[in-house]
Every structure is written in C-alpha cells, then in structure tokens.
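Naming convention: chains lettered A, B, ... in sequence-line order (proteins, then strands); numbering from 1 in each chain.
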Number of protein chains: 2
Amino acid sequence: MGRQATITDVARAAGVSTFTVSKALRNQPHVAPATRQRVLEAASKLNYAASKSAAALVSGKTKRVALLIGEQITGWFNGCIQEGIYDVLSTRGYDLLIYRAGSSKERQSFFEHLPAKRNADAIIVVSFTLTDAETQALQALDMPIIAIHSDTTDFSQGSVRIDDRQAEIEAVHYLSTLGHKRFSFLDRYNPLPEYSWGANQRINGYKEAIKRFNLVDCGVLSMDNSGEHPAKKAAAAILSMPKRPTAICAWSDNCALSLISELRQSGILIPEQLSVMGFDSSDVAELGGLSSVSQPARAIGANAAKKALDLINGVSLADAHTLIKTQIIPRDSTGPAPVVP
Amino acid sequence: MGRQATITDVARAAGVSTFTVSKALRNQPHVAPATRQRVLEAASKLNYAASKSAAALVSGKTKRVALLIGEQITGWFNGCIQEGIYDVLSTRGYDLLIYRAGSSKERQSFFEHLPAKRNADAIIVVSFTLTDAETQALQALDMPIIAIHSDTTDFSQGSVRIDDRQAEIEAVHYLSTLGHKRFSFLDRYNPLPEYSWGANQRINGYKEAIKRFNLVDCGVLSMDNSGEHPAKKAAAAILSMPKRPTAICAWSDNCALSLISELRQSGILIPEQLSVMGFDSSDVAELGGLSSVSQPARAIGANAAKKALDLINGVSLADAHTLIKTQIIPRDSTGPAPVVP
DNA sequence: CTGAAAGCGCTTACAG
DNA sequence: CTGAAAGCGCTTACAG
C-alpha cells in the first residue's frame with residue numbers, strides 16, 4: 001500500500017501553504033476563487049482525502065456520531081433508525097459509528113470501557129433502560145446524548161419517541177369503531193426485560209382502551225417458542241377459547257402476520273371472522289396487506305440525528321423532546337366485526 | 001463540558017512517563033506489574049479513555065473497520081451481517097463505521113468523496129455490483145477490501161458468500177424428494193438492478209433444478225405492488241392457473257409468509273395442498289413455522305470481520321474466498337406432494 | 001487574501 | 001523495566 005497524499009503534498013502541488021489548502025477544502029471564506037480552484041484540482045489529482053484523525057486532534061471535533069443500540073442491531077426498527085440517522089449525517093459530512101450493548105456482559109463492557117469516549121461528538125441511544133450507574137457513565141462521555149424510544153429522557157439533552165400507549169389506544173379505538181367488542185393482545189416474541197418498555201406501554205394502552213371503551217379483554221397471548229412454533233401455539237390458544245375475540249392487537253407486524261397465517265390455516269377468515277392489527281407498518285405489512293399502526297422509524301432517526309448535530313454545533317434545540325405521531329393504516333387484515341360471533 | 005483527561009494527566013497521577021502509561025494501557029509487555037497496576041488505577045480514577053484520533057495519527061492505524069452497504073441498511077440480511085461483524089470487532093477493540101451507497105446519487109457521492117479514506121483500516125463491502133470506475137476508487141482507499149455476497153471478488157483480498165444458485169437447487173431437490181413435480185418461483189418484492197445478483201442466482205438455480213430433476217416450471221411470480229397488495233396479487237396468479245404448482249420456492253421468508261397467508265385465506269391448505277419454501281431462515285421463519293433455506297448471515301459477517309482483522313494485522317488469509325454452506329430447514333410449510341393435484 | 005509557527009494527544013524508535 | 005524526544009497531519013490563533 002502506497003503512501004497516502006497529505007495536506008502538505010497538496011499544498012506543494014498547488015503552490016500554496018497548508019493553511020490555504022485547509023481553508024479551501026473546507027469551503028471556508030477568504031480564499032480567492034482562483035486559489036481555491038487550484039487547490040481543488042491538486043487535491044483531486046493527488047486523490048487526497050483529509051485524515052479525520054488529524055483534524056479531530058486539533059479541532060476537538062471527530063465529525064462522528066455514535067449510535068448505541070440496546071438489545072440487537074438486527075430488526076426493522078433499529079434498521080430504519082440507522083437509515084434515518086445516516087440520511088442526515090451523510091449530507092453533513094459526519095460518520096456513523098455503531099455500538100451495541102445487548103447482552104449484560106456486553107453492556108457491562110461498554111459502560112466500563114466507553115469506547116465511544118473521545119471518538120464521537122454526540123451519542124444517540126436507542127431503546128435503552130439505563131441504570132443510575134449507566135446514566136452516570138454516559139454523562140462521563142461528556143458529549144450530547146440523544147435518546148430514541150427511551151422511557152426516561154432526563155439523562156439526555158434531546159429525545160424522540162412515539163407514544164406507544166396512545167398508539168395502542170388508537171388501534172383499539174379504530175377496531176371498536178368497526179364494531180369489535182372482544183379483544184386479545186398478542187405479545188412479542190421472547191420479550192427481553194431490557195427492552196420491555198415499549199411492549200409494556202403497548203399492553204398498558206391496550207388495557208386502558210379496553211376499559212375506556214367498555215370492551216372485553218379475552219386475554220394476552222404470548223409468543224413463546226417452547227414446543228411447537230410460536231404462532232401455531234398462539235393460534236391454538238385463540239381457537240381453544242370458549243368465547244373468542246373478534247379483534248387482535250399484535251405487538252408487531254411480524255407477530256401479526258404469522259398469527260394470521262396460522263389462523264387462516266385453521267379455516268378462520270381474516271378479516272371476515274377476525275380482525276388482526278399489526279404494529280410498525282413495516283415493509284412486511286405492505287407486502288401482506290396487514291393493517292397496522294404506522295411508526296415513522298426512519299423519520300425518528302433523522303430527527304435524532306438533526307438534534308445531535310444541532311447540539312454539536314451549539315445550537316439549542318427548539319423542541320428538545322419530540323413526540324412523533326403514529327397513524328392507523330387500515331389494510332386488508334381488519335374489517336367490521338362479524339355479526340354472529 | 002469539562003476537559004477530558006489525557007495520557008499526560010494519567011502519567012502525572014501515576015508518577016510515570018506517558019510512554020509507560022501507553023504501554024501499560026495497551027497490555028504491552030515489559031511493564032512491571034506494580035507499575036501497570038498504578039497506571040490502571042490512575043486511568044480509572046481519572047475516567048481516562050485514549051483518543052483513537054491521536055493514536056491513529058501516529059500509528060497509522062485507526063482501529064476502525066468500515067462497512068459499505070449497497071441498497072439499504074434495513075433488512076434482515078444486512079442487520080445480521082452487522083451483528084456478526086460487530087461480534088468480532090468489539091472483542092478486538094475495533095470500532096464499526098457504517099457507509100451506505102444506496103441511490104445512484106449516494107453512490108456517486110461515496111465514490112467521489114471516499115469518506116472512508118484514511119478513516120478506517122479495512123472496508124467490508126456487502127451486496128454490491130461494482131463498475132470498473134468504482135472498483136478503482138475502492139482500490140484507491142488503499143486498505144484491505146473484503147466482499148460479502150458479491151458477484152465478482154477479484155477486486156477484494158477476501159470474500160465470503162453463499163452459493164445462492166446451489167442453495168436453490170437444493171431447495172427444489174428437497175421438495176422433489178417429497179414428490180413434488182410442479183413448481184413456481186416467487187420473486188422478490190421490487191427488485192433493484194444493483195442488488196439483483198443473488199436474486200438472479202436463485203432463479204437460475206431454480207431453473208436449472210427444474211431441468212435437472214425433470215420437473216415442471218409453472219412460471220415465475222413477481223411481487224409487484226401496483227394495485228392490490230403484492231402477496232394478494234401473487235396468490236391470485238397462482239389460483240388462476242389452469243394447472244397449479246404444488247410447490248413454491250420464494251425469494252425470501254417475508255415473501256413466502258405473506259404468500260402463504262393469502263393462499264390460506266383462499267382455502268388452500270399449506271402444506272397439505274401446496275408446499276412453500278422460504279429463504280434465509282430468519283426470525284420470521286421460526287415465528288411462523290416456515291420451511292426455509294438457512295443462510296448463516298451472522299456467521300458470514302463474523303467471517304468477513306475476521307478476514308479484515310487478519311489482513312490489517314498482516315496475517316495472510318488461509319482461506320481468502322470462503323463459500324459458506326446453506327442448509328434446508330424443514331418446518332411446517334412444506335410436506336409431501338398432494339396425491340391428487 | 002495568505003503564511004509561518006504552535007500544538008492537539010498519542011506512539012515509536014532510540015537510549016539507558 | 002522506564003524515560004525524553006520526535007513526529008504523525010491536520011487546524012488555530014496570530015500576523016501581515
């Protein structure tokens with residue numbers, strides 16, 4: 001591997017000082033157009049790219065934003081969040097650094113070593129319930145903290161989230177306007193305690209809606225994977241009920257779709273006999289015509305990234321803690337309640 | 001934000017030189033145990049974390065690996081890849097940098113500015129078909145290149161992939177051993193030209209298997225989203241066939257599951273009347289009991305990361321271009337061919 | 001509008 | 001086993 005061109009090489013090639021190269025390449029004012037042109041050409045010819053390391057060392061700005069993911073990187077929500085963050089960062093010349101603190105071992109290691117420390121200008125934390133010690137460790141990073149979908153936000157300078165509870169209330173309400181009276185909630189697959197907040201909020205919203213709208217709760221179904229596959233078990237549980245629900249609210253689109261598939265195999269027509277509502281309105285909902293609660297995950301990520309960049313640049317946030325609206329998207333898995341239940 | 005402790009602060013606190021602190025903290029030999037202990041304590045007390053920027057500047061190693069993603073970050077495969085890469089990097093003190101080159105505009109911008117240049121020690125490229133100019137630009141990064149799931153691998157120093165063609169042949173073969181004679185292939189949702197390689201390989205494998213095992217191809221179904229939702233259209237297409245297939249191979253688990261759901265709504269029992277095979281064996285396959293071709297995406301990511309680290313450390317790769325085995329995972333969506341078709 | 005000098009915080013030879 | 005010095009490649013005041 002050959003030696004990479006440095007700012008000195010460019011300066012020499014353009015016949016100016018490194019100072020001028022630096023200014024010209026960063027589009028700063030007070031550089032003569034002709035000079036700038038000469039510098040740009042020299043840089044391009046030499047295939048020059050500035051070392052963020054050297055710049056960071058002297059400016060104190062790394063031009064990087066860290067994303068700290070609780071649980072796992074994989075998954076629709078975290079993927080969309082990354083996408084949205086990247087949308088914003090990439091246009092502003094910032095790099096995206098990924099950290100995961102999934103298992104408790106990994107979590108401990110992260111908070112002990114704080115690899116993000118001094119290596120990013122801000123940190124975005126997603127789907128995390130922090131202990132006091134972890135909160136302190138995060139503060140010690142000494143950089144702006146943005147929280148996405150976090151239950152507490154006081155440790156952060158900015159946050160973005162949806163109201164899971166309210167979203168679920170709206171889902172139940174939508175189904176009740178279709179005449180549904182008997183409901184069940186389909187819980188998520190293998191819930192992890194660390195991640196349970198959103199899930200709990202959704203169940204809480206579900207339960208509150210049942211009360212508020214005077215409906216019947218036929219019980220919360222779980223998606224555990226002991227024995228047969230989870231969706232099959234959940235479907236069997238519904239079919240074995242002496243008096244079945246006519247509407248089901250699911251934790252996620254994936255849960256909803258696999259349940260629907262199983263129920264239909266048993267001859268239940270959906271939505272004719274039973275309505276099923278997903279959550280997320282992810283690509284799979286579109287693919288399978290699943291009614292769902294739309295959560296604009298990509299926009300949430302973008303919003304968080306904008307907040308991070310504002311804080312980095314010393315801009316105070318007009319709206320530090322943002323609550324993003326969800327939306328009911330009716331597709332083909334929900335319909336009027338059956339006349340004879 | 002207060003000033004962060006530097007190596008000088010730690011050195012002063014421990015009563016040693018910065019040289020000794022540097023050695024002690026990096027677990028290098030030739031430091032007296034007592035000295036090391038003292039340094040560790042001082043560093044911990046001062047909440048010290050080394051600046052990767054400063055270290056990078058002098059050592060020439062950024063301790064970062066870049067992941068360049070074609071198309072989009074979101075999705076099961078890319079998520080698992082990230083997960084696997086992270087598994088390896090995190091235990092070795094390396095950071096993960098994400099770049100996306102999805103739209104052609106973004107792609108152009110990436111290859112023009114090469115933001116990864118000098119800011120990572122290696123780059124892993126996933127699901128990319130590169131033009132010659134792009135290949136050259138990538139070479140200009142002057143760092144090891146690892147390709148994941150790429151059609152050409154000659155631009156890389158190492159690669160990891162599955163054999164999509166062979167995997168699909170095995171899927172068809174598995175179904176044929178169950179007595180199936182009439183097949184269809186369900187293509188992916190909104191195929192993008194840039195990403196089409198794997199998809200084409202899967203169709204190619206499907207077609208070859210049809211020939212090789214003397215089967216009947218009832219046609220390739222597409223998942224386009226004009227009009228009704230994609231899965232519904234695909235299901236309708238199958239139902240309208242004068243002579244239907246008894247087995248369907250789908251591009252992905254998501255496609256397969258939504259198709260199954262639609263077919264069952266129309267009274268088709270699966271697998272009794274029709275077998276459907278997914279691809280990926282992702283979490284949704286497990287959830288919904290979907291038979292699938294298992295592709296160990298996380299292991300692929302980990303393998304790529306290991307290769308990257310080896311190349312960074314000057315270790316030559318024992319197995320530079322790795323082909324990872326896929327596996328047929330029968331679950332509940334495939335079964336013996338119906339006796340009366 | 002441009003330059004020469006200083007310095008960011010580390011690691012790397014070179015000594016001892 | 002440890003230290004003093006040099007230097008990585010930039011940006012930032014300070015001048016002119």
Kindly indicate whether the side chain of B:Arg107, heavy atoms from C-beta on, has any atom under 4.5 Å from the side chain of B:Phe128. yes
Sequence neighbours left out, what passes salt bridge (charged side-chain N to carboxylate O under 4.0 Å, His left out) with A:Asp310? Give chain and number order. none
Counting only side-chain heavy atoms from C-beta out, which of C:dT2, D:dT2, C:dC10 sits nearest to A:Arg118? C:dC10
Could you tell me how far apart B:Arg26 (CZ) and C:dC10 (P) are, to the nearest whole angstrom? 11 Å
Does A:Asp121 use its side chain to pair, donor to acceptor, with the backbone of A:Val65 at less than 3.5 Å? no
Of the listed nucleotides D:dT12, D:dT2, C:dT11, the one nearest the side chain of B:Ile7: C:dT11
For A:His30 and C:dG3, what is the distance between atoms NE2 and C1' respectively, to the nearest whole Å? 16 Å
So does A:Ala55 get a backbone contact from the side chain of A:Lys61, meaning a donor-acceptor N/O pair under 3.5 Å? no
Listed in order of residue number, which residues of residues 10-19 of chain A have a non-hydrogen atom at under 4.0 Å from DNA chain C? A:Val16, A:Ser17, A:Phe19
Evaluate the side-chain proximity of A:Glu71 to A:Phe77: yes if any heavy-atom separation is below 4.5 Å, no if none is. no
What is the distance, rounded to the nearest whole Å, between atom NZ of A:Lys63 and atom C1' of D:dC10? 14 Å
Under a 3.5 Å limit on both distances, the Watson-Crick or wobble mate of C:dA4 is none
Phosphate-side-chain proximity, B:Ser22 and C:dT11, N/O vs OP1/OP2 below 4.0 Å: yes
If you draw a 6.0 Å radius around NZ in A:Lys306, do more than 12 non-hydrogen atoms from other residues or ligands fall strictly inside? no
Rounded distance in Å - CD (A:Gln28) to C1' (D:dC10): 13 Å
May I have the distance from B:Lys61 (atom NZ) to D:dG9 (atom C1'), rounded to whole angstrom? 17 Å
Separation of B:Arg38 atom CZ from D:dT2 atom C1', in whole Å? 11 Å
Count the heavy atoms of every other residue, nucleotide or ligand shown that sit under 6.0 Å from CD of B:Gln139, and state whether that count exceeds 12. yes
Specify the separation, in whole Å, of atom CG of B:Asn119 and atom C1' of D:dG9. 12 Å
When you compare the side chain of B:Leu96 with that of A:Tyr99, does any pair of heavy atoms fall below 4.5 Å? no
Hey, does the side chain of A:Thr35 come within less than 4.0 Å of C:dT2's phosphate (OP1/OP2), counting only N and O? yes
Residues of residues 46-57 of chain B with any non-hydrogen atom less than 4.0 angstrom from an atom of DNA chain C: list those, numerically ordered, please. B:Tyr48, B:Ser51, B:Ala54, B:Ala55, B:Leu57
Closest to the side chain of B:Val58, out of D:dT11, C:dG3, C:dG9, is C:dG9
Round to the nearest Å and state the distance from B:Gln4 atom CD to C:dG9 atom C1'. 13 Å
May I ask you to check whether over 12 heavy atoms, not counting those of A:Gln136, lie within 6.0 Å of atom CD? no
